[in-house]
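Just so you know, these numbers use all the heavy atoms, side chains as well, and skip hydrogens, waters and symmetry mates. Model, not experiment: these values are computed from the prediction.
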Amino acid sequence: DGTTTTDLYASRTKIYAKKVSGLFQRVRKLTLWLLIASYFSICWISVNGQQIVHFDLPARQFHIFGITFWPQEFVLLSLLLIICAFGLFFVTTLFGRVWCGYTCPQTSWTFIYMWIEEKIEGSRNQRIKLDKADFSAQKLAKKVTKHVLWLFVAFGTGLTFVGYFYPVRELVPDLFTLNVTDGWSLFWIGFFTLATYINAGWLREQVCMYMCPYARFQSVMFDENTLVVSYDADRGDPRGSRKRNTDYKDKDLGDCIDCNLCVQVCPTGIDIRDGLQYECIGCALCIDACDSIMDKMGYEPGLVRYTTEHALEGGTTHFMRPRLVGYAVMLSVMIAGLVYAMVSRTAFELDISRDRGSLYQITPNDTVENSYTINMMNMTQGEKTYLVKIEGLD
């Protein structure tokens, strides 16, 4: 009857990302390694015997860089989360999806796993060749080594995560001497080990494309003045291969030599020349790849670059716009509110409540007696002395 069927979900094609060097890749390496190093090291830092970041759930105390927070202060945590959300909105409206490309935990751990994979299995072409090769002892050895290292990193990730809740200097010796009696600690170590191994080792770009909500609602924050990775079609098209130092303009060709290197280096496997796509994480690897080709061909760099839709169309980019100003004002107000709340925060709490288990009593002196419970809380980690007085009663 002439009807056609279209699959709404395409089967996954394994991505073999090619290694590339350049300015943005160096920046990306620096930010990702710093974040990873911070994650694995902060829980080991102690001051006066207190872990500087420790979420002590049994004691209901949350120690963060020398400040102790209590459950009744969760309003501060809520305010901090709202600030982070508005900060993300502000940065996304201004610079696009840089969070995903340079600071996202999924990107960071996938970066580690891909680095291990490249060290064990070789370059992009070598990995493709290895996967297509018949089974052999060499192939088995490389695959097993890779997965063992992946599991080692995943185990370290799970152990470190639990170390922020269970004192890590106690957890590690207890774990390796089999003295851990807390079943929940073992459960969460295993859970995050498995989650890291699956997400960073197997799912990778699938998390960014199908599981991460940020990929879906980011377009709401984008506008014509948002700085995103873009291909300059007016300059690059028509595409076509050519020899170096030839007058390609006579052949009615643009600057793009159609080498597909921008596709080969992309961790999500998209072609940036097709325009802005939700799969793009803004990592700028395609920019470094294209600039390297432009340099070899003797062309001007920037065929693929960070730019805005207005700039591509020959217009002027406007950084000061109502939405951005609104985010900035709200962000400033909330940061000021958090700072004020922290500065005016009292490290002592006093609760007085009437004893609900008994009514008032008449004493032999014909006076009325009521029972009250006084709860005093020292919200610091040091010893304090307080004087409690009752005034206003005869």
For this session: Please name the pair of heavy atoms, one in L159 and one in I189, separated by the smallest distance, quoted to 0.1 Å.
Result: CD1-CD1, 3.8 Å

Problem set entry | Plane angle bin for F24 and Y306 - parallel if under 30°, tilted between 30 and 60°, otherwise perpendicular | perpendicular

For this session: Flag yes if more than 12 heavy atoms outside K139 fall under 6.0 Å of its NZ atom; otherwise flag no.
Result: yes

Exercise. Between F89 and F86, is the ring centre distance below 6.0 Å?
Worked result: yes

Seminar exercise, completed: Shortest non-hydrogen pair, R169 vs S46, comes out as NE-OG, 3.5 Å

Exercise. Is a side-chain donor-acceptor pair under 3.5 Å present for D131 with Y16?
Worked result: yes

For this session: Sequence neighbours left out, what pairs pass side-chain hydrogen bond (donor to acceptor under 3.5 Å, both in side chains) with at least one residue falling in residues 317-335?
Result: D223-R321, T308-T317

Problem set entry | K146/E117 ion pair, N-O < 4.0 Å | yes

Exercise. Can you find a side-chain donor-acceptor pair between R273 and N260 that sits under 3.5 Å?
Worked result: yes

For this session: Step through the shown structure and confirm whether more than 12 heavy atoms of other residues, nucleotides or ligands are within 6.0 Å of CG on D247.
Result: yes

Problem set entry | Between T177 and N179, a side-chain donor and acceptor under 3.5 Å | yes

Seminar exercise, completed: On a heavy-atom basis, the closest approach of I15 and P267 is CD1-O, 3.7 Å

Exercise. So does F187 have more than 12 non-hydrogen atoms from other groups sitting under 6.0 Å from CZ?
Worked result: yes

For this session: Show the numbers, then the answer: is there a ring-ring contact (aromatic ring centres under 6.0 Å, His included) between Y299 and Y248?
Result: CA-CA 11 Å; Y299 301 165; Y248 61 95; 4.8 Å; yes

Exercise. Relative to each other, are the rings of W150 and W202 parallel, tilted or perpendicular (30° and 60° limits)?
Worked result: perpendicular

Problem set entry | Donor-acceptor pair between Y113 and N199 side chains, under 3.5 angstrom | no

For this session: Report the C-alpha separation of Y278 and L276 in whole Å, then their side-chain angles, then the decisive distance to 0.1 Å, and conclude whether the side-chain contact (heavy atoms from CB on, under 4.5 Å) test is met.
Result: CA-CA 7 Å; Y278 78 89; L276 180 63; over 6 Å; no

Problem set entry | Mutual orientation of the aromatic rings belonging to W188 and F192 [parallel < 30°, tilted 30-60°, perpendicular > 60°] | tilted

Exercise. Cut-off 3.5 Å, side chains only: do D174 and Y166 have a donor facing an acceptor?
Worked result: yes

Problem set entry | Residue Y386 excluded, over 12 heavy atoms near OH under 6.0 Å | yes

Exercise. Do other residues, nucleotides or ligands put more than 12 heavy atoms under 6.0 Å from R60 CZ?
Worked result: no

Exercise. Parallel, tilted or perpendicular: which fits the ring planes of F62 and F55, with parallel below 30° and perpendicular above 60°?
Worked result: tilted

Problem set entry | For the student: nearest non-hydrogen atoms of I257 and M297, plus distance | CG2-CE, 4.2 Å

Exercise. Between E349 and Q72, do the side chains contain an N or O donor and an N or O acceptor separated by less than 3.5 Å?
Worked result: yes

For this session: Please say whether more than 12 non-hydrogen atoms of neighbouring residues, nucleotides or ligands are located less than 6.0 Å from CG in L81.
Result: yes

Problem set entry | V20 versus Q25, closest heavy-atom pair with distance | O-CG, 3.3 Å

Exercise. Distance only, no hydrogens: is a donor on one side chain within 3.5 Å (strictly under) of an acceptor on the other, for Y214 and T92?
Worked result: yes

Problem set entry | Sub-6.0 Å ring centroid separation between Y39 and W109 | yes

Seminar exercise, completed: When every non-hydrogen atom of L261 is compared with those of S292, the smallest separation belongs to CD2-OG, 4.1 Å

Exercise. What do you reckon, are the aromatic ring centroids of Y102 and F111 less than 6.0 Å apart?
Worked result: no

Problem set entry | W115 and W33 aromatic ring geometry - parallel, tilted or perpendicular at 30°/60° bounds | perpendicular

